[in-house]
Undergrad: 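Quick one: the structure is below, questions incoming.
Whatever order the structure lists them in is the order used to number ligands and atoms, beginning at 1. As the structure is a computational prediction, the values presented were derived from the model and not from experiment.
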Amino acid sequence: MESELDYWGAKALLDWQVELGATEAMLDAPIDRYGLQDQKPKPARASDAPPPPVRPKKIDPIAEATKAARAADALPSLRAAMEAFEHCDLKRGARNLVFADGQAGARVMIIGEAPGRDEDLEGKPFVGRAGQLLDKMLTAIDLSRDKNVYITNVLPWRPPQNRDPLPAEIAMLVPFVERHVALAQPDVLVLMGNISCQAVLGKRGITRLRGTWAEAWGKPVLPMFHPAYLLRQAPAKRQAWADLLELRARLNSLN
Ligand code: URA
């Protein structure tokens, strides 16, 4: 009799649960979830916590360039370090790295601005119209890239549409220029135009700076008008001629 009541009692309970929507048995034994409430979840151990998100490390392109340039102990390894430098976006738009031309170790090192279209195609500095004028200027004082001049640029990659280099681009490439000078060991530097004055002397104002010797990186430095400017402003050739004579006189005095 008692077991019959148990049976009907249990069935009524089951029917009630089915009515509530519990149509499937999940476990063999019931769980008293009210009783479970007292068991607070254990605090997660540090080792169970998900690792903090990894933030990408912020790269300082000037520090990277300085490290890469300092590690170069000769001109070929400097060139390789520049080829491998990935922090300047100009590299992605350029066809070639324009490293240098002329005689490494020459007494005169010319620093121009940046490759243009012709230089980008050939991978050599000053081969377009401005370069042809530069060659004529050098010949006039018995200098030439075939004999006694070494030529490079502040930027080894052509800026898009020949736009002016950005200050950040100049700053990240200066460590390579400085190392280039240290490895090429010229007696004097000639800076062509404002961008190279900015890179080497830290200031612009070519009209004021040109023709006056300054010093940078332990070398005498002569700023001059850029040949591309002389192509547009023929009257400025007169001052450029005076500056070339000044360069010749300095070289003669160093003999
Ligand atoms: N102008 C520059 O400053 N450099 C070059 O190589 C060509 C044009």
Undergrad: Please determine which of Arg107, His180, Gln103 meets the side-chain hydrogen bond (donor to acceptor under 3.5 Å, both in side chains) test together with Tyr150.
TA: His180
Undergrad: Determine the sole option in Lys91, Arg163, Arg158 for which the salt bridge (charged side-chain N to carboxylate O under 4.0 Å, His left out) test with Glu169 is passed.
TA: Arg163
Undergrad: Anything with a heavy atom under 4.0 Å from ligand 1 counts, so go ahead and list those protein residues by chain and number.
TA: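 Protein residues near ligand 1 are Gly112, Glu113, Ala114, Glu119, Pro125, Phe126, Asn153, His226.
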Undergrad: Please table the atom pairs, donor to acceptor, closer than 3.5 Å between any side-chain atom in residues 231-239 and protein atoms at least two apart or in another chain.
TA:
none

Undergrad: Should Leu97 and Phe126 be regarded as members of a common hydrophobic cluster, given that ILVMFWY residues are connected when their side-chain heavy atoms come within less than 4.5 Å of each other, either directly or indirectly?
TA: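 Cluster IDs for Leu97 and Phe126 differ.
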Undergrad: Check whether Asp60 reaches the backbone of Ala63 with its side chain - one donor and one acceptor, N or O, closer than 3.5 Å.
TA: yes
Undergrad: Of the non-hydrogen atoms in Ala240 and Met137, which two are nearest, and what is the gap between them?
TA: CB-CE, 4.4 Å
